[in-house]
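Chain A is the first sequence line, chain B the second, and so forth, proteins listed ahead of strands; every chain is numbered from 1.
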Amino acid sequence: MSEQVRERETRRLDRVVVRFAGDSGDGMQLTGEQFTSETATFGNDLSTLPDFPAEIRAPAGTPAGVSGFQLHFSDHDILTPGDAPDVLVAMNPAALKANLKDLPSGANLIVNTDAFTSGNLKKAGYATDPLTDGTLDEYVVHRVPLTSMTITAVHATEGSGGVNKKEAERAKNMFALGLMSWLYHRPTGGTEAFLNKKFAKRPEIAAANIAAFRAGFNYGETTESFTVTYEVAPARMKSGTYRRISGNLALSYGLVAAGELTGLPIFLGSYPITPASDILHELSKHKRFGVRTFQAEDEIAGIGSALGASFGGSLGVTTTSGPGVALKSETIGLAVSLELPLVIVDIQRGGPSTGLPTKTEQADLLQAMFGRNGEAPVPIVAPRSPGDCFDAAIEAARLATKYRTPVFLLSDGYLANGSEPWLLPTREELPDLRVSFTTEPNHTGAKGPEFWPYLRDPETLARPWAIPGTPGLEHRIGGIEKSDGQGNISYDPANHDRMVRLRAAKVAGIANDIPPLEVDDPSGTAQVLVLGWGSTFGPIAAGCRRVRAKGLQVAQAHLRHLNPFPANTGEILRSYDKVLIPEMNLGQLRTLIRAEYLVDAIGYNQVRGLPFKAAELAGVLEDVINQ
Amino acid sequence: MSEQVRERETRRLDRVVVRFAGDSGDGMQLTGEQFTSETATFGNDLSTLPDFPAEIRAPAGTPAGVSGFQLHFSDHDILTPGDAPDVLVAMNPAALKANLKDLPSGANLIVNTDAFTSGNLKKAGYATDPLTDGTLDEYVVHRVPLTSMTITAVHATEGSGGVNKKEAERAKNMFALGLMSWLYHRPTGGTEAFLNKKFAKRPEIAAANIAAFRAGFNYGETTESFTVTYEVAPARMKSGTYRRISGNLALSYGLVAAGELTGLPIFLGSYPITPASDILHELSKHKRFGVRTFQAEDEIAGIGSALGASFGGSLGVTTTSGPGVALKSETIGLAVSLELPLVIVDIQRGGPSTGLPTKTEQADLLQAMFGRNGEAPVPIVAPRSPGDCFDAAIEAARLATKYRTPVFLLSDGYLANGSEPWLLPTREELPDLRVSFTTEPNHTGAKGPEFWPYLRDPETLARPWAIPGTPGLEHRIGGIEKSDGQGNISYDPANHDRMVRLRAAKVAGIANDIPPLEVDDPSGTAQVLVLGWGSTFGPIAAGCRRVRAKGLQVAQAHLRHLNPFPANTGEILRSYDKVLIPEMNLGQLRTLIRAEYLVDAIGYNQVRGLPFKAAELAGVLEDVINQ
Amino acid sequence: MTVTTNRSGISNRLLDLVPAAPGPQSRKDFTSDQEVRWCPGCGDYAILATVQGFLPELGIARENVVFISGIGCSSRFPYYLQTYGMHSIHGRAPTIATGLATSRPDLSVWVVTGDGDALSIGGNHLLHALRRNVNLKILMFNNRIYGLTKGQYSPTSEVGKITKSTPYGSLDRPYNPVSLALGAEATFVARSIDSDRAHLTSVLRAAAEHPGTAFVEIFQNCNIFNDGAFDPLKDRSTRDDVTLRLVHGEPLVFGAEGDKGIRRTDDGGLAVVSADAPGVLVHNASAADPSQSFALSRVTGDSHGVTPIGIFRNVDVPTYDEALNRQIVDAKSKQGDGDLMNLISGGETWTIA
Amino acid sequence: MTVTTNRSGISNRLLDLVPAAPGPQSRKDFTSDQEVRWCPGCGDYAILATVQGFLPELGIARENVVFISGIGCSSRFPYYLQTYGMHSIHGRAPTIATGLATSRPDLSVWVVTGDGDALSIGGNHLLHALRRNVNLKILMFNNRIYGLTKGQYSPTSEVGKITKSTPYGSLDRPYNPVSLALGAEATFVARSIDSDRAHLTSVLRAAAEHPGTAFVEIFQNCNIFNDGAFDPLKDRSTRDDVTLRLVHGEPLVFGAEGDKGIRRTDDGGLAVVSADAPGVLVHNASAADPSQSFALSRVTGDSHGVTPIGIFRNVDVPTYDEALNRQIVDAKSKQGDGDLMNLISGGETWTIA
Ligand SMILES: Cc1ncc(C[n+]2csc(CCOP(=O)(O)OP(=O)(O)O)c2C)c(N)n1
Ligand SMILES: Cc1ncc(C[n+]2csc(CCOP(=O)(O)OP(=O)(O)O)c2C)c(N)n1
Ligand code: SF4
Ligand code: SF4
Ligand SMILES: [Mg+2]
Ligand SMILES: [Mg+2]
C-alpha cells in the first residue's frame, strides 16, 4: 500500500516442507528435483516425495492430472518427506483442489492466478472461484500472475529470440522455482548451470528458462506480497562427501558395486514396469562396467535369462514390481531347486492386480515369502531409505552368491522415487565378496574323481558353482528333485524329505551370518517396541522422536532381513510388554512374527499408497504406550 | 509233496492290504483297478494308492520303472490305503527290489519266477538271485512261473488264435489278477465283462486275457503252494447306493454338478499337467451338460479364458498343479480385483519346481493364501477324501458364485488318484445354488438410474454380476483400483484403503457362512487335539483310532475351509493343552494357525511324496499325549 | 442361441447370432461418460473417434458389444466406450476374450492392445488366438514404443533405437506384425493408420464382416515418446508415393500418379516397378495359400520405399467357436441333455440296505 | 574372449570363439552315465544317437557345450549328454539359453524342446529368440502330441484329433512350425526326421555353421501316443514320392524317379508339376527375402502330397550376442573401464567436514 519498501523480516526455521503442484505437463518433478538440488548443495538434510498420476499425461487441468513434489529440509537430520507442507505452490486450480486438503491452516500458498480461468475452474471441479469465495481464508495467500509474468520476462530477454509463446509459457515452472529459491535463500548458481547444460542444444530455450528463473527470484525481491523470508541453516551431518540420491539410483549403483565386489559380470534380465523401470534404464548405461542388460519379452524371460546367465557364472539380476513377481514365481522355484545365485528386485507398488501402479505399498512381503509351489524358501532383504538401497543391494548379492540362492530385494515406490543426502562410502568400506568357482572334482567314486553338483559346503550348506567351460565338471541340473550330494534325479521319498529340509536349513542358517537386530531405546526403560521393515523406517523413527520429545519411552527396531529373521529377534520381542508393527499393508510382517514367535504383536496398517506421516505414527504410539 | 489234495484252510480277516508291482508296461494300474472293482462290488470298504514313475515308460526292468498299486479292503470302514502290504505281487526282480523294504516279515509274496533271469536281476541291481540267496527267508514266498503259464494258457484257448507270443505274454497281469481273485474269494464276473468290453474291437485279445485270468484262478485252486485262502466279509456301511470313485473323477463330477446347481454353464480353461490332467480329460466328455473345455496354450491362458467366461456369466474353472498355480498368480490377482466367480483347482504334487510330479504333497497352501502381489485374499477349500472331492467342488462353486470371488480348491495327488467307495448323494441332498444376474440399475444418480458395478450386497459384500447382453448395465471393470460403489478408476488414498479392507472383509465374512469346526472326541476328555486339512484326514483318523484303542484320549478336528477358518476355530484350539498339526509339508497350516490364534501348535511334518501311515501317526500321537 | 435379426448393415454368420440394435444408433450411443486420459495429440484419440463412429454401423445391440484390453496407453480404450468392457492385465486380453467369445456366441468381442501388449508379453496368446480362429476382432495400436511405461523400445521398434532402456541403441530385429500373423495361420490380417479415418473405417468394417479372428495393425503416433514414426505415410506431400493401398481384385499400383506397381522377383519376393511394366500383380486377399500375402508383408518402407495398407489376407475357414458350440449341440442332440444323477452313478454301483 | 583355435571341421565367426577340443572326440565322449528313460521304440533314441554322433564334428571342447531343455519327454535330452546341461521348466528354455549365450560367447548353446514346450507354453520365447537372432541352436522334436503328460493334442496336431483331452476331436488349426518361424524373422529354419540319420546330421551341421538362431524341426515318432505320424516319410515304398529334399542351389525336384518338381502358381503359392515342366524352381535358402521359403513351408503332405525336408532358410545377419558384446567392448574402449567410486559419486556432491 505505501510506496516505501518495507524492511523484510528473515525468519530462521529448523525445518520446512514445501510442495510444488501442477499439471503433469507443468514440469513439477523437474522443479522439485532442482529445488532439492539447491537445497542439498546448501547443506540441509532433506527427504523428498514425488507423486504423479498413472497416466502419461493425465487430462490437463483436472485433479487426476496433477503431479506433485514434496521436499522436507532442515538444519538437523530428518527422516521423512514431511507430513504437511508449510508452503504449497499451486500452478492451477486443479493443483489447488487436489492439494488443499493436506495444507494446515496458516500455511503459505502461492497460486498462479493466470490459470484461474473459468474453464480451468470448471475442469478442476470448482463451482466458484476459490481465490475469491473465501475458501482460502485460513492461509497466507500469495497471488502471482505466474504465466503472464513468465512470458513477459522471457520475451524481454536477449538470447531467447525464436522462443514462441508456448515455449515461453512452459518456463513458468522456473519462475516458480526462482521465487521459491528467493523465499528460502537457496543458492541459484547450480540451477542456472543445470539449465544451460540441459538445453545445450537449444540455447534460446536455456535463456528463456534462466530468464524466467531470475524473474521469479526478482519478483520475490520486489513484490510486497512476501513480508517474510526464511532461512534454514545447513544441517550438522556426519562428516564426509555427500550426494543426493534416489532409491532406484542407489539400488542400481549397489548392483554395479556388487558386480565389482563379487568379481562377477552383472546380467540384468528385465521387463519394464513402474516403478522398477528406472533400474533397467540406469544399468543399461553402464556397459563399461561389463553390465549386460536385456529387455526381455516379458517378466518370465527376464528372470529366465538372468538365471541362465547365473548358470554361466554371471550375477543374474531381475528387476520388477509386484505383478511381475507373480509371473516370475515358477522360475523362482526353479532357481531354488537349481541353487544358483539370483537377485530378484521387487519395487513394490499398490496392489492387488494393477492396483495403484505409481503409488507405494509393502504388500508383497508374503508373496516374496510364499509365492511359489512347494517348499521353496528364499531369503529376503529390504532397504530402509533411499540411500540404504545401495547397501541392501550389496547384501542381497552377498547372500545370493555365498549361499547359491535366489534372494529377494524388497524396495517400494516411496524409496524408489524418494531421495535423500547420501554419505558416499569409500572403497575400503565396501565388503569383499569375491566368489570362486569350483574347478576340481569334489568326490571320489568307484571309477575315480567325480563332480557332485549337490555336495554342500558343511558350513553354509551351499552347493558348488561349477560353470560351463570348466573341464571335467560337466554336469546336468534341473527342477526335478535331485539326490543329496550326487545331484542325479531321485524320486526316493527319504531323499526328497532330506532335500526339502536341507534347502530350508540353508536359508535358515543365514540367521548366523547377519547382524543381530538392534534396538534403539535411549531411555533403556521402554515397554513398547515398534518393529518395522523397509521404507517405514523414516516415519517410524520420526514418530518415536516425537513421543520421546513428550517424555514418553518407546523402543524402535527395524528389520533389514525378513527371511530369515536375525537370531535374536524372538528374545528382543519378548522383552517388551507390547510390540507394535506399523505396515503399509494389512499386517504381513505381523503375520510372520506372530507365527514365528507367538508374540501378540499389534498392527497399525494403512494401505493408502502413501508413506506414513510422523504425526500419525506418534499418535498411534502414544495410544499404545498409554493404553 | 503228497499226491493227496489237502483240505485248504479259509481264514477270515477283517482287513487286508495287497500290492501289485511290476514294470510300467506290465499293466499294474489296470490290474489294481480291476481287483479294486471286484472288491467294491463285493461290498468291502476300501482305499487305494497307485504309485507310478514320472516317466511314461521308465526303463524296463529297473527299479525306477516300477509301477505299483496298493489296495486296502476290510469288513469295516477304513481310512487309508494301508501302511504295509499283507501280500505283494512282484512281476519281476525290479518290482521286488523296489517294494521289499515295505513288506513286513511273515507277509505273502507272489513272484513271477519267469522274470528272474540274470539280465533282469542285473537291471534290478541284484548281484545274486534273491529267490535263492536267502533274501526272502522271512516271507511266505509263492513262486509262480507267471509268464510261461500265461502263454501256455492263452495258446491253448479257442478264440485267442491270431494272438502272438508278445500279446499272449502281455496278459500275464490277468493271470496274476485271477490268482489273487481266487486267493481272496473275489467275484470274477465283473472282470470278464470288463475285458470283453475293453477289447470289444479285438475279441481275440479279450479271449486271451480271459484265458489268462481263468488260468490264474485255476492255478490257485490246483497248486499246493497256497495252503490258506482268505475271506474278508463285506463291510457294514451306511445304507444306500455306492460306487467306487477316485478323487479326480469325484472332483470332475462335482464341477458338473456345480453347473447344474448354479444354473451356469461350466467353462474349463486348462493346460495339461500331472496330476490334474484327468479332470480336463473327464470334463471334456460332458458336452451334453453344456460343459465347455478349452485346452489352452498355457496356464495363463487357461485361467484367462475361464475368467473371461465368468465375465460372460459362465462358471469359470481352471485346473492345474503347483507350477501352474505359480503361473496363474497374476491373473488370480486380477480376478480378486474384478470380483468375479472363478474356481481354481490345484492338485498338489511334490515341489518345489518340477519336484516330484507324480507324488503327493500339501505344500501349496501358503502359495494359495499369499501367492499374489498386493493384498489379494482368496477363500480356500480342501477335500479330505477321494469321494469328498465331489462335495468340496460344489462348496468351492458355492462360495465363488455367492461371493463373486476366485476360490481355491486344494486337492492333492493322493486324493486325485486314490479311490474309495462313495455313497451316491440323491438329487435332493444337493444344495440349491441358483445364481441370479443383475438386470436392473442399482443406483440413482444425478441423471437418473445408473448401474454401479461395485455397489455391494450389505450382507455378503458381494458385488452385482451383470453380464454382457444386459441392456442398460454397460460397464467397464479392470485391475486398477476402483472407487467404492461406482467402480470407476480411483487413485484416492482413502478409497484404496477402504477397498483393500472391503475385499478382505468379504472373504473374512465367509466364516459366518460355513459350518463350525467339529471335533471328534469320543471320550470328551482328551487334552491333545490333532488338527489336519486335506488328504491327511484318513491317516490322522486311523492314527487316532489306534491310540484310542490303546485307551488313550485324543481329539481330532479337520479343516475343510482354510481361508477363512471356521469362526469357532480359535476357541476350539485354545480348549486343548496341546495341538498337533501333521502335514505333508514343513508346517504351512501350522504357520497360519499360529499367526492367527497364537496357539503353540506342534507340527509333525513329512515331505516324502507319500501319504502318512496310520502307525506312524499313532506313534507320534502317543508321544505327544504321554509327553 | 440363434437370434432372429433384421439388422441392416454388416453381417456374417457369426455376427448374425448377435441381437440387433433396437433402432439406429449414433456415435454418442457408444461414448461413455469417462474422461479420456491420453496425452493431447496422441493418435489414440483419432482411433477412438473412428471406432465410436463405426460401431453404430454394426447394427447390433450395444450391450452385446464387449471390448477387452490389456495394459498400455492403448489399453485404456474400453473405458471410453459405452459397451461392456474389461481393462485386464498386460498381454492377456486375447485369453480373456477367447473364454468370453467361445462361451457367448451372442456377443461381438473386440480386443484392443498395443505393440508391447500384443507382441512382447502377449505374443503367445495373440498367435494362438489367430491359429484357432476364435471369433475376435483384435486391434493392435502400433506406435513402435512402450507408451505407458514412458518410452522403452518395443518389438516393433527399429534396430538401433535410442530409448530409455537402450541408451546405446536397441539390438533386437523387430517383428513385422503382418508377417508374424500370417506365419501363425491368421485368417484376416490388415493394416491401417490412425490418421486416415475413412481407411480405418473400411478396415474395421471388413474385420467385422470376417467370421473368425481378425487382426488389424493400426499405425498410431505416440507424440510423446516416438513422435513422427509414421509421418511419411501422413504427410500430404509424400504419402501417396509411399503408401500402397491394397484392394482385393485390384492391381497393386500406387504413387501420386499411380505410376508404380508391384511385381514378383525371381527369388520369390516382390519389387516395385513401373505401373505399366508386365507382370504387375492383382491383389488377392482371399487366396487359400497365404504365400503372396506374406510376400506383400515383406514390402516395407525400409526395403521397398512403400508401405502397404489395407487387407493382406481375408479367408473364411471354420472358427473355433462354431466348432466348439457345434460339439455341444451335437452331443445334446445325439445323447440328450446330460442327467446328473445318471452321470455320477456311473456304470458299476452296489447297494447296501 | 577370442580364443585361438585350430579346430578342424565346422566353423563360423561365433563358433570360433569357443575353445577347441584338445584332441579328436568320439560319440562316447558325449555320452553321460545316465540311464536313458524313454519308451522302447521312441524316436528320441535315434535323435540322441545322431546328436551324440554329430557333436564330435564340432571340434570344440566338450565342457563348452551346453544343452538347455524345457519339460517333456524330449526335454530329458540333456541328461544323456556328457556336456553341461539344464532341464529347466516348461517352455522357458529359450529364455535361459538366451541369458547364457549372450553372457558367454565362448559356449556353444543348444536348446532341446518339444512341440508343446516350444509352441504351446513356450511359443513367445521361441519366437523372440528367433527375431533377436541369438546364437542358439534350437532342436524341436515334433511328435504332434504331448508325450510326457500322456497324450493330449498339441499345437501341431491335425484338426479333429481324438485325444484324452479331445474325445470329440480337436478343434484348433495347427501351426506350421516352419511358417511360424519364418513369420518371426528366423534366420535359419530347417526340418529333418528322427529316422534319417544322415539327413539329420547334415541339418545339424548346417545349424552349427549358422551364426545366430537356428531352428530345426525334427519329426519324431511317439510310438505310444501318436504312433506312425510320419510313416509315409519313413516307409521305403512311399518316402521318395512324398519327400522333397531341399538342397540349396539345386532344382526342387523329387519322386522315386525324380519326376516331380515344384513351380510357382498364379496366386503366389507353389504347386507340384512334372519335373520337366517349365518353371521348376531352384532352391535358394539364402534369399534375403523369406517369401519363397515361406511359400515352400506351405507345401505339405496334406495340401500337396509332399513334405519338404532340409533347410528352408539360411541367411547371415547380425546376431544379438555379437551386438551386445560389441557395445560392451566399445564402451570400455571409448570410455575406459568403469570406475565404481567415480560412478557413485556422480556429478553433484558436497562435503561436510
Ligand atoms: C505384468 C506387467 N508387466 C509390465 C507392466 C508394465 N507395462 C504396462 S504397459 C507396458 C507396455 C506398453 O506398451 P504398448 O503395449 O506398446 O502400449 P502403449 O502404451 O504403447 O499403447 C508395460 C511394459 C505391467 N503393467 N504388467
Ligand atoms: C508349467 C507347467 N505346465 C504343464 C506341465 C506339464 N507338462 C509337462 S511336459 C508337457 C507337454 C509335453 O509335450 P511336448 O513339449 O510336445 O513334449 P513331448 O513329451 O511330446 O516330447 C506338459 C503339458 C509342466 N510340467 N509345467
Ligand atoms: S504416451 Fe504416447 S501413446 Fe501414451 S497417451 Fe501419450 S502420446 Fe499416446
Ligand atoms: S511317450 Fe512318446 S515321446 Fe514320450 S518317451 Fe514314450 S514314445 Fe517317446
Ligand atoms: Mg506401444
Ligand atoms: Mg510332443
Segment of [X] engaging chain B (4.5 angstrom heavy-atom cut-off):
X       : value
A504(A) : side chain
I300(A) : side chain
L598(A) : both

Quick check on the interface: out of [options], who has the most heavy-atom pairs with chain A under 4.5 Å?
options                            : value
V325(B), L327(B), I332(B), L610(B) : L327(B)
R503(B), R372(B), Q606(B), R498(B) : R372(B)
T358(B), L356(B), L592(B), D600(B) : L356(B)
V500(B), N495(B), D346(B)          : V500(B)
G371(B), G322(B), A494(B)          : G322(B)
I480(B), L586(B), L334(B)          : L586(B)

**Prompt:** Just how far is it from atom CD1 of I602(B) to atom CZ of R594(B), taken to the nearest 0.5 Å?
**Reply:** 10.0 Å
**Asked** chain A heavy atoms under 4.5 Å from E596(B): which part of the residue, side chain, backbone, both or neither?
**Response** backbone
**Asked** Quick one: what part of S321(B) sits under 4.5 Å from any heavy atom of chain A, side chain, backbone, both or neither?
**Response** neither
When you compare the side chain of [Y] with that of [X], does any pair of heavy atoms fall below 4.5 Å?
X       : Y       : answer
S337(B) : K482(B) : yes
I477(B) : L340(B) : yes
N585(A) : L366(A) : no
I581(B) : I593(B) : yes
E330(A) : E299(B) : no

**Prompt:** What's the shortest heavy-atom distance between E583(B) and L365(B), and which atoms?
**Reply:** OE1-CD2, 4.5 Å
**Asked** Taking all atoms of both residues into account, what is the closest heavy-atom pair of Y414(A) and T360(A), and its distance?
**Response** N-OG1, 3.0 Å
**Request:** Quick one: which of A64(A), A363(A), G350(A), A368(A) has the most heavy-atom pairs under 4.5 Å with chain B, could you say?
**Result:** A363(A)
**Item:** Among G324(A), A376(A), G355(A), residue most engaged with chain B (heavy-atom pairs, under 4.5 Å)
**Value:** G355(A)
**Item:** Summary of salt bridge (Lys or Arg N to Asp or Glu O under 4.0 Å) pairs that have at least one residue in residues 357-366 of chain B, sequence neighbours excluded
**Value:** D51(B)-K359(B)
